[in-house]
Amino acid sequence: EAAVTQSPRNKVTVTGGNVTLSCRQTNSHNYMYWYRQDTGHGLRLIHYSYGAGNLQIGDVPDGYKATRTTQEDFFLLLELASPSQTSLYFCASSDDRGREQYFGPGTRLTVL
Amino acid sequence: QQQVRQSPQSLTVWEGETAILNCSYENSAFDYFPWYQQFPGEGPALLISILSVSDKKEDGRFTIFFNKREKKLSLHIADSQPGDSATYFCAAMSNYNVLYFGSGTKLTVEP
């Protein structure tokens, strides 16, 4: 049974649109992460959190907000989507050592 | 700037050959180096990892060679199989639970 799930799996929106990507983990992990994956760049960290109500800024945070409502749930918000945010988004979780991150299946977002 | 660099961008080997994937880094504070394997349509998954106190780590057909002085490491996949065809990411971490990923190497193993 998948321990990190993401929804939706695919999303198409228009420039200026509002998008929320959802992630849930059942690993009982404190750490959760949002990445974007683009060809030539690998995975780049957007935001991460070490518990409900906590938020840390990653390497590419501009244009993204995130919220961690519970230990299980982490959301990524794009309030004014732009075509540059077209990407494959991954959520991951890890224990407090952080050495193994468990990834979800990804959400492909297209901004027209 | 990219803190972790990988080469080549893509690699094709024949079944049974050894595939060699390269990685380098800049930050001397990095002390943990995992390699992740990603199949199409899936998220990455941890394959093998090494700490900077070691110079070699083996797990079956997969071996990491680590050179701390040169800030380089490589993943060797012995007796490559078509099922090893995937994208491989080198990553690095220091103390703060943040992984820095390279841009990946797409490996194709031809039967």
Side-chain angles (χ1 to χ4, degrees), chain A residues 2-7 9-10 21 23-25 27 29-51 54-61 66 68 74 76 87-108, chain B residues 1-10 21-27 29-54 57 59 62 64 75 86-107:
Chain A
V4 181
T5 56
Q6 294 183 234
S7 62
R9 294 295 311 277
N10 290 281
L21 306 184
C23 177
R24 167 163 283 202
Q25 57 99 2
N27 295 320
H29 287 160
N30 284 329
Y31 279 83
M32 294 185 74
Y33 310 82
W34 276 108
Y35 292 92
R36 60 178 291 173
Q37 182 177 9
D38 305 285
T39 302
H41 291 280
L43 292 134
R44 292 181 290 176
L45 182 64
I46 304 171
H47 290 296
Y48 66 106
S49 166
Y50 57 76
N54 176 265
L55 183 65
Q56 302 294 315
I57 294 172
D59 292 330
V60 290
R68 180 87 177 272
F74 196 27
L76 186 67
S87 187
L88 181 57
Y89 291 86
F90 286 102
C91 175
S93 74
S94 76
D95 63 17
D96 289 356
R97 292 178 69 199
R99 287 187 174 169
E100 179 168 6
Q101 293 188 12
Y102 295 82
F103 284 81
T107 294
R108 185 165 294 281
Chain B
Q1 69 281 16
Q2 196 99 18
Q3 297 217 35
V4 177
R5 290 186 169 82
Q6 286 187 250
S7 64
Q9 192 171 358
S10 64
L21 289 65
N22 300 304
C23 181
S24 65
Y25 62 98
E26 296 295 326
N27 191 339
F30 291 148
D31 61 0
Y32 172 69
F33 302 88
W35 286 84
Y36 279 75
Q37 180 187 53
Q38 184 181 30
F39 295 106
E42 298 181 8
L46 180 65
L47 177 65
I48 186 172
S49 63
I50 192 167
L51 292 168
S52 61
V53 294
S54 301
K57 177 78 173 289
D59 185 356
F62 301 90
I64 299 174
L75 175 67
T87 299
Y88 293 82
F89 292 99
C90 173
M93 176 187 281
S94 59
N95 294 335
Y96 304 106
N97 287 62
V98 172
L99 275 176
Y100 295 90
F101 285 86
S103 56
T105 293
K106 184 176 181 181
L107 175 66

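All values reported here derive from a predicted model rather than from experimental measurement. Every chain is numbered from 1 and lettered A, B, ... according to where its sequence line falls, protein lines coming before strand lines.
Heavy atoms of B/Q38 lying under 4.5 Å from chain A belong exclusively to its side chain. In this structure, the portion of A/Y33 lying under 4.5 Å from any heavy atom of chain B is its side chain and not its backbone. The part of A/D59 that comes within reach of chain B is its side chain, from C-beta onward, which places non-hydrogen atoms under 4.5 angstrom from that chain. Using a 4.5 Å cut-off between heavy atoms, A/N30 does not touch chain B at all. Neither the backbone nor the side chain of A/Y50 comes within less than 4.5 Å of any heavy atom of chain B. When heavy atoms are compared at a cutoff of 4.5 Å, A/L43 approaches chain B by way of both its backbone and its side chain.
Rounded to the nearest 0.5 Å, atoms CD (B/E42) and CZ (A/F103) are 13.0 Å apart. With rounding to the nearest 0.5 Å, the separation of CG in A/L45 from CZ in B/F101 is 9.0 Å. Expressed to the nearest 0.5 Å, how far NZ of B/K106 lies from OG1 of A/T39 amounts to 9.5 Å.
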### Message
side-chain contact (heavy atoms from CB on, under 4.5 Å), that's the test. Do A/Y35 and B/L99 meet it? Break it down for me.
### Response
CA-CA 11 Å; A/Y35 292 92; B/L99 275 176; 4.1 Å; yes
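Dense packing is recorded around CG of B/L51, with more than 12 heavy atoms of other residues, nucleotides or ligands lying under 6.0 Å away. More than 12 heavy atoms of other residues, nucleotides or ligands shown are found within 6.0 angstrom of CZ on A/R36.
Shortest non-hydrogen contact noted between B/S103 and A/G40 is CB-O, 3.5 Å. When all heavy atoms of A/S94 and B/N97 are compared, the closest pair comes out as OG-ND2, 4.5 Å.
Considering only heavy-atom pairs separated by less than 4.5 Å from chain A, the leading option among B/P34, B/G43, B/P44, B/A45 is B/P44. Ranked by heavy-atom pairs under 4.5 Å with chain B, the list A/H41, A/R99, A/R44 is led by A/R99.
Judged by distance alone, the side chain of B/Y36 and the main-chain N or O of A/Q101 form a donor-acceptor pair under 3.5 Å.
The closest side-chain heavy-atom distance from B/Y32 to A/R97 is not below 4.5 Å.
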